[in-house]
K.L.:
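Sharing a structure, written as structure tokens. Questions coming.
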Amino acid sequence: MHESWKNFLDSEFGKPYFKELASFLHDEYEHKTIFPRKTLVFSAFTTDLSNVKVVILGQDPYHTPGAAEGLAFSVPPSQPIPPSLVNIYKEIDSDIGHHSCTTGSLRSWQRQGVLLLNTVLTVEAHRAGSHRGHGWETFTTATISYLNEVRPHLVFLLWGRDARSKKALIDTSRHLVLESAHPSPLSAHNGFFGNHHFSRCNEFLIQHGEDPIVW
């Protein structure tokens with residue numbers, strides 16, 4: 001984790017809800033197959049807080065072996081590109097002409113200041129949503145609230161019901177919130193395709209003196 005998050009993370013880790021979450025996770029990792037592996041759970045927080053310009057909220061990690069790496073929507077370069085990310089790339093191509101990623105890894109976005117945060121940071125193998133309701137939602141709510149306070153002129157990309165539920169935490173007079181359906185094949189045609197979020201995000205960043213994201 002990047003040192004810029006230390007004060008925030010130390011504060012959250014000491015709270016009763018997180019101690020309960022940590023106990024739950026200890027048992028889960030001890031007795032079940034959990035993704036991502038322990039060393040990758042907080043990968044999103046290796047992003048330098050002072051560089052964060054854009055926040056993309058996912059749901060929970062990929063629950064198939066080798067896919068989850070602690071960054072929302074991203075997979076290691078050796079993995080097939082997941083269907084939701086295929087649709088994200090399609091929307092980028094339609095919106096701005098082409099996407100820059102050659103694999104399913106979104107680490108190039110992270111290096112540019114895109115925080116790729118899931119609302120739940122762990123999952124049991126082959127059981128989507130299995131770690132919901134154990135404290136991660138409280139943690140990521142605190143994360144969004146913290147970002148809202150300490151960073152200026154962020155762009156929040158909220159795709160799907162879980163992500164959109166965080167909108168109330170964000171001061172829309174300071175930050176840009178872009179909402180749509182989730183890029184999953186089950187919902188992408190209900191408003192994700194054609195949302196122009198990537199061009200709108202970059203326009204906002206340029207207006208506030210930031211470099212646009214090379215999507």
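Computed from heavy atoms alone, side chains included, the values below leave out hydrogens, waters and symmetry copies.
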K.L.:
Flag the pair Phe156 / His175 as yes when their ring centroid distance falls below 6.0 Å, and as no otherwise.
P.N.:
yes
K.L.:
Enter the distance from Asn87:CG to Ile92:CD1 here, rounded to the nearest 0.5 Å.
P.N.:
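Separation between the atoms: 11.0 Å.
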K.L.:
Could you walk me through whether Val123 and Ile34 pass the side-chain contact (heavy atoms from CB on, under 4.5 Å) test, one step at a time?
P.N.:
CA-CA 6 Å; Val123 68; Ile34 305 300; over 6 Å; no
K.L.:
Which heavy-atom pair separates Thr140 from Asn118 by the least distance, and what is that distance?
P.N.:
CG2-O, 3.2 Å
K.L.:
Within a strict 4.5 Å, meaning less than it, do heavy atoms of the Ser187 and Phe192 side chains meet?
P.N.:
no
K.L.:
Minimum heavy-atom separation for Thr122 to Asp60, with atom names?
P.N.:
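So the two residues come closest at O-CB, 4.4 Å.
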K.L.:
Looking at every heavy atom in both Phe18 and Glu12, which two are closest together, and how far apart are they?
P.N.:
CB-O, 3.3 Å
K.L.:
Indicate whether any N or O donor in one side chain lies under 3.5 Å from an N or O acceptor in the other, for Thr119 and Lys166.
P.N.:
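Lys166 and Thr119 do not have a side-chain donor-acceptor pair below 3.5 Å.
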K.L.:
Going by heavy atoms in the side chains, are Pro82 and Val75 under 4.5 Å from each other?
P.N.:
yes
K.L.:
Out of the candidates Phe42, Phe45, Phe8, only one should pair with Phe13 under the ring pair (Phe, Tyr, Trp, His ring centres under 6.0 Å) rule; please name it.
P.N.:
Phe42
K.L.:
Got a second to check how far Leu117's CG is from Ser43's OG, nearest 0.5 Å?
P.N.:
11.5 Å
K.L.:
Would you say the side chain of Ser145 lies within less than 4.5 Å of the side chain of Asn148, judging by non-hydrogen atoms?
P.N.:
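Side-chain contact under 4.5 Å: no.
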K.L.:
Hey, do the aromatic rings of Phe24 and Tyr29 have their centres closer than 6.0 Å?
P.N.:
no
K.L.:
Between Ser100 and Trp215, do the side chains contain an N or O donor and an N or O acceptor separated by less than 3.5 Å?
P.N.:
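Per modelled atom types, Ser100 and Trp215 side chains form no pair under 3.5 Å.
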K.L.:
Quick one: pull up CD in Glu179 and CZ in Arg161 and give me the separation to the nearest 0.5 Å.
P.N.:
14.0 Å
K.L.:
Are Tyr17 and His134, when compared by the centres of their aromatic rings, separated by less than 6.0 Å?
P.N.:
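So the answer is no for these two rings.
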K.L.:
Run the side-chain contact (heavy atoms from CB on, under 4.5 Å) test on Gln59 and Val120 for me, step by step, so that the C-alpha distance in whole Å, both residues' side-chain angles and the decisive distance to 0.1 Å come before the verdict.
P.N.:
CA-CA 6 Å; Gln59 296 179 346; Val120 174; over 6 Å; no
K.L.:
How close do Ser130 and Glu124 get, counting heavy atoms only, and between which atoms?
P.N.:
OG-N, 2.9 Å
K.L.:
If we count only N and O atoms by modelled type, under 3.5 Å, do the side chains of Glu28 and His131 hold a donor and an acceptor together?
P.N.:
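There is such a pair (donor and acceptor under 3.5 Å, judged by atom type) between the side chains of Glu28 and His131.
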K.L.:
Where do Leu169 and Thr141 land on the side-chain contact (heavy atoms from CB on, under 4.5 Å) test, with the steps shown first?
P.N.:
CA-CA 8 Å; Leu169 305 169; Thr141 290; 3.6 Å; yes
K.L.:
Give a yes or no on whether the ring-centroid distance for Phe35 and Tyr62 is below 6.0 angstrom.
P.N.:
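Judged by ring-centre distance (under 6.0 Å), Phe35 and Tyr62 do not meet the cut-off.
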K.L.:
Ignoring hydrogens, what is the shortest heavy-atom contact between Ser4 and Asp48? Give both atom names and the distance.
P.N.:
OG-OD1, 3.5 Å
K.L.:
Heavy atoms, side chains only, cut-off 4.5 Å: are Val54 and Leu115 in contact?
P.N.:
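SC-SC contact between Val54 and Leu115 ruled out.
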K.L.:
With a 4.5 Å cut-off on side-chain heavy atoms, are Val155 and Val55 touching?
P.N.:
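The answer is no, as the side chains (C-beta and beyond) never meet within the 4.5 Å cut-off.
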K.L.:
Rounded to the nearest 0.5 Å, what's the gap from CZ on Arg200 to NE2 on His197? Could you check?
P.N.:
5.0 Å
K.L.:
Report the C-alpha separation of Cys101 and Leu106 in whole Å, then their side-chain angles, then the decisive distance to 0.1 Å, and conclude whether the side-chain contact (heavy atoms from CB on, under 4.5 Å) test is met.
P.N.:
CA-CA 7 Å; Cys101 301; Leu106 303 180; 4.1 Å; yes
K.L.:
Working to the nearest 0.5 Å, report the span between OG of Ser184 and CG of Leu85.
P.N.:
12.5 Å
K.L.:
Under a 4.0 Å N-O cut-off, is there an ion pair linking Glu3 with Lys6?
P.N.:
no
K.L.:
Could you tell me if the side chain of Pro65 sits less than 4.5 Å from the side chain of His126, heavy atoms only?
P.N.:
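The answer is yes; the side chains approach within 4.5 Å.
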K.L.:
Using side-chain hydrogen bond (donor to acceptor under 3.5 Å, both in side chains) as the criterion, list what pairs up with Arg132, not counting sequence neighbours.
P.N.:
Asp162
K.L.:
Considering residues, nucleotides and ligands other than Arg37, do more than 12 of their heavy atoms fall under 6.0 Å from its CZ?
P.N.:
no
K.L.:
Which of parallel (below 30°), tilted (30 to 60°) and perpendicular (above 60°) describes Trp136 and Phe139?
P.N.:
perpendicular
K.L.:
Would you check if the distance from the ring center of Phe73 to the ring center of Trp109 is below 6.0 Å?
P.N.:
no
K.L.:
Does a side chain donor of either His98 or Asp93 reach within less than 3.5 Å of an acceptor in the other side chain?
P.N.:
no
K.L.:
Below 4.5 Å, heavy atoms only, C-beta onward: do Val41 and Pro36 meet side chain to side chain?
P.N.:
yes
K.L.:
Does any part of the side chain of Arg111, heavy atoms only, come nearer than 4.5 Å to the side chain of Thr47, both counted from C-beta?
P.N.:
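Contact flag for Thr47/Arg111 side chains = no.
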K.L.:
Could you check whether Arg107 and Ser105, counting side-chain N and O atoms only, form a donor-acceptor pair closer than 3.5 Å?
P.N.:
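No, no side-chain donor-acceptor contact under 3.5 Å.
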K.L.:
If you take all heavy atoms of Lys19 and Gly14, which pair is closest and at what distance?
P.N.:
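That closest heavy-atom pairing would be CE-O, 3.4 Å.
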K.L.:
Rounded to the nearest 0.5 Å, how far does NE2 of His196 lie from OG of Ser199?
P.N.:
6.5 Å
K.L.:
Does one side chain, of Thr46 or Gln110, offer a donor that lies under 3.5 Å from an acceptor on the other?
P.N.:
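Yes, a side-chain donor-acceptor pair sits under 3.5 Å.
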